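Here's the structure we're looking at; comments come further down.
Please read these numbers as outputs of a predicted model, since none were measured by experiment. Order of appearance sets the numbers: ligands from 1, and atoms from 1 within every ligand.
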Amino acid sequence: MFVGGKWSDGSAGSFDVLNPSTGEPLCSVPRAGADDVQRAVEAAATALPDWAATAPRERGEVLRKTFELMTERKEDLAFLMSLEMGKSLTDSRGEATYAAEFFRWFAEEAVRIGGELRTAPSGANKILTFRKPVGVSLLLTPWNFPAAMATRKIGPALAAGCTVVLKPAQETPLTALLLAQLLSEAGAPPGVVNVLTTDKPGDLTETALADSRVRKLSFTGSTGVGARLLEQAAPHILNVSLELGGNAPFLVLEDADVDAAVEGAMLAKMRNGGQACTAANRFLVHESVAAEFAEKLAAAMGKLRVGAGTDEDTQLGPMVNARAVEGIADKVDRTIAAGARAVLGGSVGDGPGFFYPATVLADVPSDAPAATEEIFGPVAPIVHVSSDDEAVELANSSEMGLSAYVYTRDLARGLRVCERLEVGMVGLNRGLVSDPSAPFGGVKESGLGREGGFEGIDAYLETTYVATNW
Ligand code: NAD
């Protein structure tokens, strides 16, 4: 683990990191105990005053330098992600670039933290505001984007002048440890970035959130865990940002270019093997084009080469662990039992590793499990709709509201649909929404706050207002 600028063991032993392509252990990493958590919070709290007082340009330079190191070490980063998480090298290279870009973007934002000066409406005084870092930030990240979910938080936190304790997912601690090393090489002072590893995340967060020196919690992961953390953050009224689960609808309107929609669907569904919070979860396709869309999507998904993430030829790697495969299989089985038809895949094969095949389900009832629950795998359920209104109504029937996709040849019609969707992000004739310079986040049970874009740094800043006159 990396605490106070030094590598250390954990006081609670160690745990194995598995290779999902084989199911075999890769290596073991330290398990942080309660005293390690206290050491990390202490290191972050001690480093805070100097880091907050460091010139914004210097803070930005550390991030900029880390962006450069990540770019130089892109192949190492990509290989490590494919090894511990299983995604294809193409996906990992894409993530390495995407992750590094958060540091470049927030290096540029560090020097643009502003305040304002106004005259009160009554004219009685001036209103002066300035921004200060929130303080020690606890960052909790999931396994599906081991680099980008960490840089999307570390970038704005450091730019704002906060110090951090990062706890990566137990499945993918190695990428986070490499990031800590690169940040340190780039000049992040000891204690500014600390990384704790554990396979007992509940114990770690309980200790950290009970420590009143921690002032910020930023979590990316499932809605259930996010809700529990929100409760644990309540006693100290922590500043909380949550990026939670999704159930993205992918709307194909009757006038859509079906080939373009299939191309977008391949990206929205199959990037990361479907293990993305923004992954298209349910395809709401107009009945006049549904058969053509299902046939073309099944043809494209059926061509994907399956294999270990670290094989150069692989286009679809394994799922992250055995539990993930069981969960996907269960949703597919229940959806078929509810009346859907598998036109591609639909059952787990033999052999080692945690693989689930590319699957297309046609004639899916809109209330079937694959259409209502987050799948997090390479399964595309297709639901027929007969109008834009029905598509919007079904899209909004979920308690989640992270992202959506809309395909139509009519831009105005598409924008009208976008306006009505209860989500934080929409891809309009685009299968990818993620961009470090755009605000990422959801509504309803998909989260609180935005990451990236101009808003991203706000999550790590407080506002002080001074009433004055001169
Ligand atoms: P998860 O909630 O199981 O784990 C996320 C993080 O929380 C990990 O670091 C894990 O160790 C930790 N954690 C797990 N149980 C905990 C507990 N009881 N107390 C404290 N911490 C705990 O989620 P996951 O399976 O790693 O990731 C998949 C989920 O993340 C999906 O629902 C996906 O939609 C969501 N996700 C959301 C976004 C987004 O930006 N909205 C991005 C990626 C993933």
Filtering K200, R152, Q170 for the heavy atom nearest atom 10 (C) of ligand 1 leaves Q170
Using a heavy-atom cut-off of under 4.0 Å, does the side chain or the backbone of F376 touch ligand 1, or both, or neither? side chain
At what distance is the nearest protein heavy atom to atom 38 (C) of ligand 1, and which residue and atom is it? C277 SG, 2.9 Å
The protein heavy atom nearest to atom 20 (C) of ligand 1 is T205 OG1, 3.3 Å
Nearest protein heavy atom to atom 41 (N) of ligand 1, by residue and atom, and its distance? L244 O, 2.8 Å
Less than 6.0 angstrom from the centroid, inside 45 degrees of the normal: does R430 satisfy that with respect to the ring of Y405? no
In this structure, is the centre-to-centre distance between the rings of F250 and Y407 below 6.0 Å? yes
Distance to 0.1 Å, residue and atom name: give those for the protein heavy atom nearest to atom 25 (O) of ligand 1. W143 NE1, 3.0 Å
Nearest protein heavy atom to atom 9 (O) of ligand 1, by residue and atom, and its distance? T141 O, 2.7 Å
Salt bridge check: are R334 and D330 linked by an N-O gap of less than 4.0 Å? yes
Electrostatic pair E95-K87, nearest N-O below 4.0 angstrom: yes
Yes or no: does G246 have any heavy atom under 4.0 Å from an atom of ligand 1? yes
One pair to check against salt bridge (Lys or Arg N to Asp or Glu O under 4.0 Å): R104 and E101. What are the steps and the verdict? CA-CA 5 Å; R104 175 151 70 168; E101 285 295 344; 2.9 Å; yes
Any T220 heavy atom less than 4.0 Å to ligand 1: yes
Can you tell me which residue and heavy atom of the protein come closest to atom 3 (O) of ligand 1, and the distance to 0.1 Å? S222 OG, 4.0 Å
The atoms of ligand 1 lying under 4.0 Å from a heavy atom of G245, numbered in the order shown, are 32 (O), 34 (O)
Could you report the tightest heavy-atom contact between V379 and K269, atom names first, then the distance? O-NZ, 2.7 Å
Using a strict threshold of under 4.0 Å (side-chain N to carboxylate O), is an ion pair present between E42 and R213? yes
Nearest-option assignment for atom 35 (C) of ligand 1, heavy atoms, candidates P146, P168, G424, G221: G221
List the closest protein heavy-atom neighbour of atom 27 (O) of ligand 1: residue, atom name, distance to the nearest 0.1 Å. P142 CB, 3.5 Å
Please report which non-hydrogen protein atom sits nearest to atom 14 (C) of ligand 1, along with the residue it belongs to and the distance in Å to one decimal place. P201 CG, 3.8 Å
Which atoms form the tightest heavy-atom contact between V360 and A294, and what is the distance? CG1-O, 4.4 Å
How about W143 and F376: are their ring centroids closer than 6.0 Å? yes
Kindly assign one of parallel, tilted or perpendicular to the pair F145 and Y98, based on the angle between their ring planes and the thresholds 30° and 60°. perpendicular
Around atom CG of D16, are there more than 12 heavy atoms of other residues, nucleotides or ligands at under 6.0 Å? yes
Does a donor on one side chain and an acceptor on the other come within less than 3.5 Å for S241 and K216? yes
Against heavy atoms of L402, which atoms of ligand 1 measure under 4.0 Å? 41 (N)
Considering only heavy atoms of N144, which atoms of ligand 1 have at least one such atom less than 4.0 Å away? 43 (C), 44 (C)
Is there a polar contact, in the sense of an N or O pair closer than 3.5 Å, between T223 and ligand 1? no
Between E171 and ligand 1, find which residue part has any heavy-atom pair under 4.0 Å and reply side chain, backbone, both or neither. neither
Counting only non-hydrogen atoms of the protein, does one fall under 4.0 Å from atom 30 (O) of ligand 1? yes
Taking N or O atoms only and a 3.5 Å limit, does R228 qualify as a polar contact for ligand 1? yes
